[in-house]
**Q** 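Please see the structure below; I have some questions.
Throughout, a chain's letter reflects where its sequence line sits, starting with A, and its residues are numbered from 1.
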Amino acid sequence: MNTVKLTRNAAHALAQVLFIGFFVFPIIWIFMMSLKNFRDIISYPPKFLFSPTLQNYRETIQGAEGTLRAGELPEYVRFLLNSLIISGGAVCLAVLLGIPAAYALARGGLPWRKHIAFTFLSFRFAPELMVILPMYLIYTQIGLYDTYVGMILSHQLICLPLVIWIMMSFFQDVPIEIEEAARIDGASILLTLRAVILPISGPGIASAMIIAFIFSWNNLIFGLVLAGPNTRPVTMGILQAMTFDQIKWGLMAAAAMVSAVPGMIAATYLQRHITRGLTMGAVR
Amino acid sequence: MSSISLSGVSKFWGDTVGVKDLSLDIKDKEFLVLLGPSGCGKTTTMRMVAGLEKPSTGTIRIGERDVTDLDPRERDVAMVFQNYSLYPQMTVAQNIGFPLRARGVKRNEQQERIHSAAKLVELSDYLGRKPAALSGGQRQRVALARAIVRSPAAFLMDEPLSNLDARLRISMRGLIKRLHREVGTSTIYVTHDQLEAMTLADRVVVMRNGEVEQIGTPKEIYNDPRTAFVAGFVGSPSCNLLDGKIVNGVFSNEGISLAAHLKPDRAKATLGIRPEAISLADGAEAELHGTVFAIEMTGDATLVTVSVGDQQLIAKLDADCTLEPAHTVSLKTGRRRYFFDGETGLAI
Amino acid sequence: MSARTTYLLLFLPALAMLALALYPFVQGVLTAFSDRKLYYDTSSFIGFQNFIALFADDEFHDSILRTLAFTAGVVFVQIPLGLGIALLLLRQSWIQPILRSTLVLPLLIPPVVAGLMWKTMMQPQSGIVNWLLSNVGIPPQTWLSHVDTALLSVILIDTWVFTPFAALILLAGLQSIPPELDEAARVDGAGALLVFRAIQLPWIVPFIVLVALFRVTDSLKSFELFYATTRGGPLNATRTMHIMAYEEAFRWSSVGKAMAVVFVLWLMSYFISMFLMTKWQRRSGVHHEYG
Amino acid sequence: MKLDHLQILKSGSWISAFAGAALLGASTAAVSQEFDWKQQEGSSVNVLLVSHQFVEALKPLVPEFEEMTGISVSLDVLAEQAAFEKLLADLSSQVGSVDVFMTSPLNNWQYATANWLEPLDEFIGDPALTHPDYDVGDFFQGVLNSNRWTRVPMQGIGEGPLWALPINSESYLMAYRPSVFKELGLEVPKTYDELLAIADKLDTGSAEFGLITRFDKYWDLPYLTFGTMLQSYGVEMIDADGNLQICSDASVQATDDFVTLIKTASPEGAGAFTWYEALQGFASGQYALSLNEADLFAPVYQDAEQSEVSDDVGYAPTPLGPDGTRKAGAWIWSMSMNAASKNKEAAWLFLSWVTSKDTMIATHLAGNMNPVRASAWENHEVAAMVNRWGETPGQYSDVTATMAEVAAVRFPPHPELTRMLDRWAQAVQEVYFNGSDTRTALCEAQDDVEKMFN
């Protein structure tokens, strides 16, 4: 009996070590990379002991020496702000549009409900390449290219299906009687949504927002094609560490570390919600 | 406050019949109970009155208004749900006040009415709490207060007591009765518990398979069941129903022979006898003969199950009765006995 | 205002959004039926010729197979692994909260960056991965730089990036099992393995299908990881449909053909996910008796 | 002694590669005394650049231009691949949100075919728009003229309108580790035969691996690195009679030798090496030799901050082919103007300022390698910087000078050229990875390429 227990505990410990090894080690390695100079990074065998430098972070945040123009924010800080505006704005807009739509889909008894919902989801799996060139053409013609509004609109392709789909499940989870009670109490559909349904689904909304935010934040292609120098997001900023002949690994690692901070804050703060949101309300 | 009338109301879902051609008038200030087993259409009927279901045919009026196509919020009715349906994120006061908020009642008037409604249901001390911090009985009282706070045209109550334990149910029953007396609003009350129906109702509507079996005061329903179903459903322990036939004014079957005065002949007939109407008999008085099958003591009486031929009946006898299983007994019935057509179930 | 009208009004803004997205989408589909080359002003409608040419092309068949192989690999590695991790995280211990918060980390590194980082870690001669393996006596692997191992390596990277996503959903699924169900089974004398097989696994089937739905649709159109690591190489070992379309459009300006490829890809996604959706909806019926 | 370079470069085969180079110097002579830099004050120019040392060097200079002209400049710097993707999206939409961009002749053959490029001759010829000191004759004419094309596929390079102005050039050389060669008692190979003969010995010393070279699946392979080897074997994509030479005997020979070299002296995985692996690998000190790599990796190798080999690196010209010839590929970074630009005058002012003598010299001093203007080579500061590089002083300068003589763009101008060369590269990869028969693989590629001409 005891040996069985011992073996089982050992197996668990081993599984945890493997888990950490596989999922955490790369992060640690990237972090170490961000503290090395290029020579330490490329040296082989790999260096675990080295004299750390904050140069990469300094350069990431302040920009390379001599490139900062007076009165201008450092490039990478601008990328971060751009991403905050774009992803934050995209998520807010998606929630604003998506919640009423999700509610109508969940409770409106609309005909073809499932098909409409599926159509929304199907935009999630449209290959970006399919829409990106026509979108660029339209954007440049109507002046949305390289604007925050344009970027926020384009990110609806990422955020809106997610929000609608997740919120729909959460709304369906609210007991129908509560809603009936509100209707009999004389509340309009809007008041019911605002005063009754939304507060109950608060955690669902939070998780939908975080997930949409992470997906939006990590997106590359829209930023590559539809953003210009004024709205360039942080993913493109990280890629600036790639020159034509070499990748400045230290800079890239530092930039990636810095860019993960907002998501990390949001995720830590609302981690319970993230789990629930990912199941799209399937947890009862 | 006003009357409610349903005429020719039906509800179908595809081939499934919920309610069939129902016509019903609820008088102003009346307490009407819809009684029946689950699936009989009573809840559907009430939901149609509330506006939560749209009738397939027929019209519904509240007062003078035809409300058939109106939204629930335009009907001015209040409803109490079986599972309370409180708003979990709001305090008791906010819950009670929500109907007022929905109607745009002024803030200070809201407060006043919330307090008086809370007082009626004895919740004044709990106004700041969230529903999760309340007991079942307290939650149900919040739901009641939320219903009465805005003086609606009618109350609708959907099995409001069924989630409570037996003792709480009795005290809540008293509260509901008292509230109705004080507020005097027309009330439709749905239940499958005949005792609740008998104690609360001005009139009872017994329903079965989407149709009305009988409408009447509790007394009428108990004393003069219109059908075998009503007789069987109302009363506790429930009315004995024995099969047999009527020939020449005599109802008979194996072990049974009793006079059915003036009743026409029937090849198949059902006899209804309430357990409390049965007593031990000897000699010529005896109308039923059988053997004791089981005995249950209830304290104030003894319930004796007797096999009569291949049927069984329950007799409610004195507490000091000394019968034992397998004894043969002879029984007589009082005057409270009913004859029903064996085919249609209608009283003869 | 009737309820129906209200609902429609609620729905309208999102519908407008949909229309906005639909326009470029339709443009893309139309292009698939033309011989458009970016560097010619004119292009003409050529019906199904792009599709006919594609389906006659062995390289296209190969890229479909590669795309499906990648997707299958992703799903069959990440779901069991994610399930294992979820079970690991379900166990109460002091380290559990730490493990759970580290699980989120890979999601916070943009896939394109994760791809580049892994590429350098997997570099056969100078990468940390081979160095670590050599320390435990495993011979160096070629990873991304050989035709035989490249696709598997991308699957491995994808596993690092997206398994946390799968594990989080499955963990939530496991946590949603009513405790009395689990307790009843244990009182009945079931061991951990039987509990897993008889209680936990059937319960989380809808969650597994949900993960599959997400991972399948995302893997079919997976682009950024390939873009960052192999760009379809070496040779054509990782040339999936999306990469093929990318090459046609951005390297060779053959937009018509590129759009035809992504259109086929989109149809595949659509039907596969439709199939999974119906599965999901049927399977989630399991929960209703407890609901 | 530095003047040697100048002369060689000026008269080198850059020119001979493109027959009929036209000199444009004359137009710059007649110029009004006062040039008005402020003529486009208040307008703005959007510039799309590839992340490159040139750009790092240019960035700090831009505010001067803005101050001088009152034009506001928005620099958009992207990684190479991303920049070309973005550029394609912008050019093809013809809305002109990018005014000026970095490009190369190879890319421009596609862009010019599509009418996306603005011809620059008229701007150069207009004294109101071009500063009198501009001196277009100062560019190495071979380099300059590689940006001329009549837009007739397969011919007319060096003729017709000027589509771009060069900003730097890149050719190929060998970098080696003197200590390793000394240790092994080997001479740095002068021919591919010599290289093949010592290939199996290179990794027997303190270097872990023998040689490294760029070898991925795209057109860069036959165009740049392996292209340099092919050309030394006498292979050009199309011969004088207009026949494809992809599976000629010489091409088969070169391919066989190349694959043998890689299989013998390179580690596994060499079939996926891009510039990134090539530069990083050699700089990490794991390799004895870097074959046919870009000459402008030298600044990284020489920098002790970035390289393990900063005190142990030498340079040699690329090996000679079987019959003793040496030819090399060339990459010319250039700048073009979008035909759809809405601020062409302002765009030109910027373009001409960037490619002016002063600006070019300033960028070279800040690390923009391989000048394309004679005046830049004459500048002593630039010369002094590179003179220190190599096993012996002046080695790097001499090698680049040698290579400049033989470097040229030896491909037919055609919009589908990238696709053709990608197909060619695929055949070489098939030989390496699948062990396909070399001639079969190359001839299949040739057949496919043949079809692309139609």
**Q** In terms of heavy-atom pairs under 4.5 Å with chain C, which of Ala89(D), Ala272(D), Gly269(D) leads?
**A** Gly269(D)
**Q** Please look at Ala150(C) and chain D and tell me whether the side chain, the backbone, both or neither of the residue comes under 4.5 angstrom of a heavy atom of that chain.
**A** neither
**Q** Of the listed residues (Trp116(D), Tyr432(D), Phe215(D)), which shares the most heavy-atom pairs with chain C below a 4.5 Å separation?
**A** Trp116(D)
**Q** Ignoring hydrogens and geometry beyond distance, is a side-chain donor-acceptor pair present between Thr274(D) and Asp216(D) at under 3.5 Å?
**A** no
**Q** With a 4.5 angstrom heavy-atom cut-off, is it the side chain or the backbone of Thr418(D) that approaches chain C, or both, or neither?
**A** both
**Q** Tell me, side chain or backbone of Gln141(C) under 4.5 Å from chain D's heavy atoms, or both, or neither?
**A** neither
**Q** What I want to check is whether the side chains of Ser290(D) and Glu293(D) have a donor and an acceptor closer together than 3.5 Å.
**A** yes
**Q** With only heavy atoms counted, which part of Thr142(C) is less than 4.5 Å from chain D, the side chain, the backbone, both or neither?
**A** side chain
**Q** For the residue pair Asp220(D) and Trp275(D), confirm or rule out a side-chain donor-acceptor distance under 3.5 Å.
**A** no
**Q** Between Arg239(C) and Glu247(C), is there a side-chain N and carboxylate O pair less than 4.0 Å apart?
**A** yes
**Q** When only pairs under 4.5 Å are counted, which of Leu88(D), Val428(D), Asn107(D), Asp422(D) shares the most heavy-atom pairs with chain C?
**A** Asp422(D)
**Q** If you take the centroid of each ring, where Trp contributes its six-membered ring, are Phe226(C) and His242(C) closer together than 6.0 Å?
**A** no
**Q** Non-hydrogen atoms of chain C under 4.5 Å away: do they reach the side chain of Phe209(D), the backbone, both or neither?
**A** side chain
**Q** Select one option (side chain, backbone, both, neither) describing which atoms of Gln81(D) are under 4.5 Å from chain C's heavy atoms.
**A** both
**Q** Count the heavy-atom pairs under 4.5 Å between each of Ala249(C), Pro140(C), Gly232(C) and chain D, then report the option with the highest count.
**A** Gly232(C)
**Q** Establish, for the pair Arg251(C) and Tyr218(D), whether the NZ or CZ atom is under 6.0 angstrom from the six-membered ring centre and no further than 45 degrees off its axis.
**A** yes
**Q** For the ring pair Phe258(D) and Phe226(D), is the centre-to-centre distance below 6.0 Å?
**A** yes
